[in-house]
Amino acid sequence: MIIHIVGAGPKSNTITEITQKDENQLLIGVDNGSHYLIEEGLIPEAIFGDFDSLSDENLEKIKRLVPNVFIYPPEKDETDLELAIQWAITKKPEKIFIHCVTGKRLDHEFGSITLLIKFMNSGVPIKIVDEYNEIYVIKEGTHYISKLQQFKYVSFFSLGATVENLTLKGFKYPLTNHLLEIGSSLCVSNELLEGEGSISFSEGIALVVRSKD
């Protein structure tokens, strides 16, 4: 099962690629993201938020359609997105894709990226997606990456002090046992040469950003 979580940021065209007919998926709306799904004719399994950005009329409409409604006060320790991810992980999905959390408020966007770090040991691959980017984090080990026409560029950033012994194979700019430090721009806008490449390192956390112009 694949879970799609739709946030309350600017509406992304990636939602239109979701289809209600796919029985192998589950949809979750976060605050106004719930309304985005309903607008596309998609019924979420669950919704999370304080819903202060929704009109009473839209909220009541959504509540009549959605099986699981979780309403929280605005003042709380976790964000609505974090609560939604926690719930999604309990469903033991194969993957989680997060939509509509980029492109407007930078604090919300950065907060969403840090949640990728928080849940990276959950056993569930989690990616943030929009029209121009696919964002995820990886930890030490070897990871394989396939070439995608829609995301030509692949960038890597250290999310800790360093990523140690970074080795890139199958890339236009390969590396062998490189020490990638935080703030380094060496690994920005790389490209895959073949159908598949590999990323390996011995210690650290790396942010992977796949992008298109």
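All values reported here derive from a predicted model rather than from experimental measurement.
Few gaps surround NZ on K76; more than 12 heavy atoms of other groups in view lie less than 6.0 Å from it. Under a cut-off of 6.0 angstrom, the local environment of NZ in K212 is crowded, with over 12 non-hydrogen atoms contributed by other residues, nucleotides or ligands. Residue-environment remark: CD (Q150) exceeds the threshold of 12 foreign heavy atoms within 6.0 Å. The environment of OH in Y132 is sparse: at most 12 heavy-atom neighbours from other residues, nucleotides or ligands sit within 6.0 Å.
Under 3.5 Å, the side chains of E45 and N68 contain a donor-acceptor pair of N or O atoms. Remark: the N121 side chain and the K139 side chain contain an N/O donor-acceptor pair separated by less than 3.5 Å.
Cation-pi check for K127 over F97 is not met; the charged atom does not lie both under 6.0 angstrom from the ring centroid and within 45 degrees of its normal.
Under a 3.5 Å cut-off, the side chain of S184 and the backbone N or O of L180 do not form any donor-acceptor pair.
Atoms OH and OG1, on Y36 and T16 in that order, are 14.0 Å from each other to the nearest 0.5 Å. In this structure, CG in D130 is found 9.0 Å from CD1 in I128, a value given to the nearest 0.5 Å.
If you look at F171 and F156, their ring centroids are closer than 6.0 Å.
Using bins of under 30°, 30° to 60° and over 60° for the plane-to-plane angle, the ring pair H99/H4 lands in the tilted bin.
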